[in-house]
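Take a look at the structure below.
For clarity, every value in this text was computed on a predicted model and none was experimentally measured. Note: hydrogens, waters and symmetry copies are ignored here, and every other heavy atom, side chains too, is used.
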Amino acid sequence: MKLRTLNQIALILSLTFGVSAYADVMSKADFKDAKAKIEVDYKAALVPCDSLSGNPKKICTAEAKGNKKTALANLDANNNPSPKTQQQAANAKAEAAYDLAHQKCQEQTGNAKDVCIKEAKAAEVTAKSDAKAAMKTSEANKDANKTITQATTKAQEKKLDARSDAAADKTDAQYKVEKEKCDALAGAAKDNCLSQAKARFGK
């Protein structure tokens, strides 16, 4: 998986945040029906998995479980819209994507497999970092609306802290990917690779 693809995946995952922010709160009956349908869809998605074996079956099952996990989190975010439930929905999707990607990585071996797993983890970290930053920004804006004059400075500080934390998490995740790639090398080539990675990510 190339770096550009990794970033695209992370962007797609991060866009989950805020999708349901303006959804109407559901009635108890609608919520119950929606939850039941998610379960029906999950069981239907498992049916094709029964004809598979080995890792393909595990991939099939991981995808079904991930879709269910994401759907339930989105349902809760729709039913109880808040920055927190929106973040939880984004996290659920990121975790589901990681679990599926991790299982697919089992198709590879050696350093390629290690890099694949690190890239999957980096995508998850990026998505969760963006969701966390968005939640903190939302909370900061809410605080600012209560007392505009006093809260503006505080809100800006929260935004900067959130973005700084997110940037640090992303840098660490990307550094781990580059470091894992260096493990495929040896001797001076490996040392040079590690030095460049440390310089690039400020380690």
Checklist outcome for this item: d(Lys93 NZ, Glu95 CD) to nearest 0.5 Å is 13.5 Å
Checklist outcome for this item: Here the pair of heavy atoms bringing Lys179 nearest to Leu194 is CG-CD2, 3.9 Å
Checklist entry - Between the side chains of Ser82 and Thr85, does any donor sit under 3.5 Å from an acceptor? => result yes
Next on the checklist: How long is the straight-line distance from NZ of Lys28 back to CG of Asp33, given to the nearest 0.5 Å?
Outcome noted: 14.0 Å
Item to check | Donor-acceptor contact below 3.5 Å, side chain Ser164 vs main chain Leu160 | outcome: no
Checklist entry - Passes side-chain contact (heavy atoms from CB on, under 4.5 Å), Asp76 versus Gln88? Steps please. => result CA-CA 9 Å; Asp76 186 53; Gln88 290 171 343; 4.2 Å; yes
Which donor-acceptor pairs under 3.5 Å do the side chains of residues 57-66 make with protein atoms, sequence neighbours left out?
{"from": "Thr61", "atom 1": "OG1", "to": "Lys57", "atom 2": "O", "distance (Å)": "2.9"}

Checklist entry - How many angstroms lie between CD in Glu178 and CZ in Arg200, if you round to the nearest 0.5 Å? => result 5.0 Å
Checklist outcome for this item: Quick note, side chain to side chain donor-acceptor pair (under 3.5 Å) partners involving residues 184-194, not counting sequence neighbours, are none
Checklist entry - With clusters built from Ile, Leu, Val, Met, Phe, Trp and Tyr whose side-chain heavy atoms come within less than 4.5 Å, directly or transitively, what are the remaining members of the cluster of Phe201, listed by chain and number? => result Tyr175
Checklist entry - Got Ile38 and Leu75 here, is their nearest side-chain heavy-atom distance under 4.5 Å? => result yes
Item to check | All side chain to side chain donor-acceptor pair (under 3.5 Å) counterparts of Glu139, not counting sequence neighbours | outcome: none
Item to check | Short N-O contact, Asp114 and Lys118, less than 4.0 angstrom | outcome: no
Checklist entry - Distance only, no hydrogens: is a donor on one side chain within 3.5 Å (strictly under) of an acceptor on the other, for Asp30 and Ser27? => result yes
Checklist outcome for this item: On a heavy-atom basis, the closest approach of Gln174 and Ala122 is NE2-CB, 4.5 Å
Item to check | Close side-chain approach of Leu72 and Tyr42, heavy atoms under 4.5 Å | outcome: no
Next on the checklist: Tell me which pairs pass salt bridge (Lys or Arg N to Asp or Glu O under 4.0 Å) where either residue lies in residues 165-174, with sequence neighbours left out.
Outcome noted: Asp130-Lys170, Lys136-Asp165, Asp172-Lys203
Checklist entry - Is there a donor-acceptor pair closer than 3.5 Å between any side-chain N or O of Thr70 and the backbone N or O of Asn67? => result no
Next on the checklist: Taking NZ in Lys104 as the centre, count heavy atoms belonging to other residues, nucleotides or ligands within less than 6.0 Å. Is the count above 12?
Outcome noted: no
Next on the checklist: Just by distance, no angles: are the side chains of Lys113 and Gln106 close enough, under 3.5 Å, to form a donor-acceptor pair?
Outcome noted: yes
Item to check | side chain to side chain contact (heavy atoms under 4.5 Å, CB included) against Ala92, all qualifying residues, sequence neighbours excluded | outcome: Lys69, Ala73
Checklist entry - In Å, rounded to the nearest 0.5 Å, how long is the span from CD1 of Ile117 to NE2 of His102? => result 4.0 Å
Checklist entry - Mind checking whether Lys121 and Lys176 have side chains closer than 4.5 Å, heavy atoms only? => result no
Item to check | Ser138 side chain vs Ala134 backbone, donor-acceptor pair below 3.5 Å | outcome: no
Next on the checklist: Any carboxylate oxygen within less than 4.0 angstrom of a Lys/Arg side-chain nitrogen, looking at Lys128 and Glu124?
Outcome noted: yes
Item to check | From CG (Asn111) to CG (Leu185), nearest 0.5 Å | outcome: 8.0 Å
Checklist outcome for this item: Here the gap from Lys35 atom NZ to Lys68 atom NZ, rounded to the nearest 0.5 Å, amounts to 9.0 Å
